[in-house]
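Have a look at the structure below before the remarks.
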Protein chains: 2
Amino acid sequence: MGMATVTIKDVAKKAGVTVTTVSRVLNNRGYISEATREKVYRAMKELNYQPNEIARSLLRRRTHILGIILPTVAHPFFSELAFFIEYYAYEYGYKVMLCNSQLDQKKEKEYVDMLRGNQVDGIIMASHTLEVDEYLNLKLPLVTFDRQLSQDIPFVSSDNYLGGTLATNLLIDKGCRKIAHICGNLRLNMLANQRNKAFVATAQARKVEYVTIETDLNVFDISQYDKLVLKLFEEHPDVEGVFAGSDVIAASVIKVCHQKGKKIPEEIKVVGYDDVSIASLTTPQLTTIRQPIEEMGKLAVELIHRQINKEKVAVENVLPVTLVERGTT
Amino acid sequence: MGMATVTIKDVAKKAGVTVTTVSRVLNNRGYISEATREKVYRAMKELNYQPNEIARSLLRRRTHILGIILPTVAHPFFSELAFFIEYYAYEYGYKVMLCNSQLDQKKEKEYVDMLRGNQVDGIIMASHTLEVDEYLNLKLPLVTFDRQLSQDIPFVSSDNYLGGTLATNLLIDKGCRKIAHICGNLRLNMLANQRNKAFVATAQARKVEYVTIETDLNVFDISQYDKLVLKLFEEHPDVEGVFAGSDVIAASVIKVCHQKGKKIPEEIKVVGYDDVSIASLTTPQLTTIRQPIEEMGKLAVELIHRQINKEKVAVENVLPVTLVERGTT
DNA sequence: GATTTTGTGTCAAGCGTTTATCATAAGGGG
DNA sequence: CCCCTTATGATAAACGCTTGACACAAAATC
């Protein structure tokens with residue numbers, strides 16, 4: 001029984017002080033004697049009081065909520081990214097609202113509006129289907145993943161060109177005569193497209209035959225990868241090395257090779273991307289380009305935080321990648 | 001130029017009506033002519049107005065926010081679950097606040113308090129380290145995953161006992177003479193412990209040698225699985241079948257077997273649990289017990305929603321599991 | 001032509017906080 | 001004894017919105 005919500009008034013009454021005093025201890029301002037502070041804390045405890053953040057937010061015009069929009073948290077890369085973003089957000093005192101756009105333009109727009117309506121302090125965008133100008137008049141701290149929207153909006157990324165170079169060179173070094181790159185849709189203006197640029201440039205420079213396979217727009221539907229990989233091997237049975245756009249795709253390559261009796265790494269070599277935790281669970285274990293997911297998530301939160309506090313931030317935030325050699329090359 | 005936030009007053013002024021009228025069109029109540037409705041919509045569009053949900057929430061005492069607390073969204077099972085929860089939450093008009101407890105009791109408590117403070121409409125708990133009474137006086141719609149806290153708090157689960165039976169019988173049917181079950185820590189009062197009960201009962205009934213390996217409390221640190229599996233094979237080199245507590249653990253078993261040169265499924269058979277999407281990416285593909293993750297997520301949201309609307313809900317919500325036979329048995 | 005329905009306005013309270021202002025009072029230092 | 005610091009209270013406004021009460025007028029209905 002008892003009223004539904006206990007408010008600061010109830011605490012004040014119970015402690016025998018005014019709401020002003022309670023608010024003072026709550027916010028640590030003005031003079032408060034140790035005795036009343038104790039009384040107030042005790043009353044709060046007894047009533048199981050929790051300050052209404054909604055009311056506070058309304059007044060302060062600050063919610064300490066961050067929105068994060070990503071294609072789907074069911075994809076290992078984004079699930080790990082989401083984990084670290086939430087982790088560091090929490091350290092900075094922010095809560096996180098999770099949005100899976102599924103790369104659906106309508107949904108993405110609705111999420112952005114929803115987050116605006118909920119007065120989030122900032123948005124971390126890892127899903128990009130909207131036109132650039134949709135973001136520009138957002139008047140909200142924003143950080144972008146793997147896409148440069150303008151000269152003003154900071155983004156975090158890792159060195160995609162280097163990643164592409166590293167992967168391609170490795171495949172060639174290991175003796176592949178014809179290599180393939182399975183990558184996301186190149187029409188999406190993502191920085192990840194740099195990987196393909198590097199792939200093509202490296203293959204050409206080293207005079208190796210190469211082919212690029214582009215996925216659909218909806219890149220993150222894991223169950224579709226197999227078909228894509230199968231098609232690749234049908235159309236290009238002479239491919240000796242595959243540079244996959246993600247570890248999940250690479251795992252799919254390994255699986256298809258196994259089904260078709262192609263030995264890895266003897267007949268076909270594979271390098272993945274991301275170094276997500278499943279990369280060390282495949283058989284053989286996956287050679288891959290490691291993105292520093294934790295650092296990227298941390299950095300994204302920092303960049304948002306600094307913007308919220310009106311601090312200057314760099315626009316380009318590109319972290320290094322590393323080659324992790326395991327069993328598939 | 002341009003004040004920071006545009007409010008309902010600005011819209012009213014721009015449209016040449018009062019805030020009451022704007023509010024009326026916003027909430028579809030009272031009489032409104034098509035003409036003014038249009039005027040108001042146009043003004044909102046021109047000003048890029050988005051109603052302040054914080055203010056609305058304060059008044060309505062309803063935020064349409066759901067909290068979801070799970071061990072870590074970086075684990076495939078929880079990442080898929082989180083995806084579906086968010087998906088269906090969105091369909092019901094809820095937003096989702098994501099919390100990774102990392103099975104840390106302190107963090108879990110802080111998250112619960114934080115969610116209370118933010119006036120969420122309900123909490124979906126998939127992480128359970130707190131004492132039962134911490135939840136009982138929460139006075140908030142709650143749904144639990146895989147744990148029965150009391151006779152009042154609804155939970156969703158899948159048929160763990162059946163899952164354990166199915167897996168164990170399969171291993172025995174396929175000829176394993178000695179089988180192992182790698183499971184979560186049995187001290188945590190989880191319904192998943194039923195799997196081990198079924199494992200033991202089945203093994204005994206069918207007179208097969210068996211051994212149970214318990215993980216630490218912190219079950220979801222993927223990198224720790226290898227050591228555990230290695231230890232298992234050192235202590236029990238004669239094990240012929242492994243029933244893993246999750247597909248991730250099963251993948252680790254496959255990997256270790258490969259390293260030690262034990263052939264799967266010839267020498268060792270493995271069955272996983274969950275049927276997470278990586279289960280079909282291992283080599284060979286994993287035989288596993290499928291939990292209906294989407295249905296579980298959907299059901300959790302429904303149960304919360306019904307509670308919020310003061311509808312009656314069943315306490316026990318146990319969904320069926322199925323055996324998915326692939327290449328590891 | 002009387003009545004009802006429709007459309008809009010005015011005003012004010014309230015959601016749970018914070019915060020500024022002012023008032024009051026006790027105790028200590030000079 | 002005066003002043004300053006410390007400690008608390010009383011009061012009210014504000015955050016952006018919804019809602020109810022009431023008023024008034026035009027249009028539709030009988």
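Chain naming here is simple, since letters A, B, ... match the order of the sequence lines and numbering starts at 1 in each.
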Using a strict 4.0 Å threshold on nitrogen-to-oxygen distance, state whether [X] and [Y] make a salt bridge.
| X | Y | value |
| --- | --- | --- |
| A:Lys14 | A:Asp10 | no |
| A:Arg56 | A:Glu53 | yes |
| B:Arg37 | B:Glu34 | yes |

I want to verify a distance call: between [options], whose nearest atom is closest to the [X] side chain?
| X | options | answer |
| --- | --- | --- |
| A:Asn27 | D:dC17, C:dT19, C:dT8 | C:dT19 |
| B:Thr21 | D:dC17, C:dT8, C:dG9 | C:dG9 |
| B:Arg60 | D:dT19, D:dT8, D:dC17 | D:dT19 |
| B:Arg56 | D:dT18, D:dA7, D:dG16 | D:dT18 |
| A:Leu59 | C:dT18, D:dG16, D:dT8 | C:dT18 |
| A:Arg29 | C:dG7, C:dA20, C:dG16 | C:dA20 |
| B:Leu26 | D:dA14, C:dT10, D:dT18 | D:dT18 |

Step-by-step side chain to side chain donor-acceptor pair (under 3.5 Å) determination, A:Thr36 to A:Ser33:
CA-CA 6 Å; A:Thr36 30; A:Ser33 71; 2.8 Å; yes
For a side chain to side chain donor-acceptor pair (under 3.5 Å) check, start with the C-alpha distance between A:His305 and A:Tyr94, then their side-chain angles and the critical distance, and finish with the verdict.
CA-CA 9 Å; A:His305 181 67; A:Tyr94 297 106; 2.8 Å; yes
Considering heavy-atom distances to DNA chain D, does B:Gln50 or A:Thr36 have its closest nucleotide positioned more toward the 5' end?
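In this pair, the answer is A:Thr36.
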Between B:Thr20 and B:Leu58, whichever has its closest DNA chain D nucleotide further toward 5' is B:Leu58
Report the residue from B:Gln105, B:Glu108, B:Arg147, B:Gln102 that forms a side-chain hydrogen bond (donor to acceptor under 3.5 Å, both in side chains) with B:Ser127.
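The single option meeting the side-chain hydrogen bond (donor to acceptor under 3.5 Å, both in side chains) with B:Ser127 is B:Glu108.
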Side-chain donor/acceptor of A:Arg24 to base of D:dG9, under 3.5 Å:
yes
Side-chain donor or acceptor of A:Thr7 under 3.5 Å from a matching atom on the base of C:dC15?
no
Can you list, in residue-number order, the parts of residues 11-19 of chain B that come under 4.0 Å of DNA chain C, counting heavy atoms only?
B:Gly16, B:Val17, B:Thr18
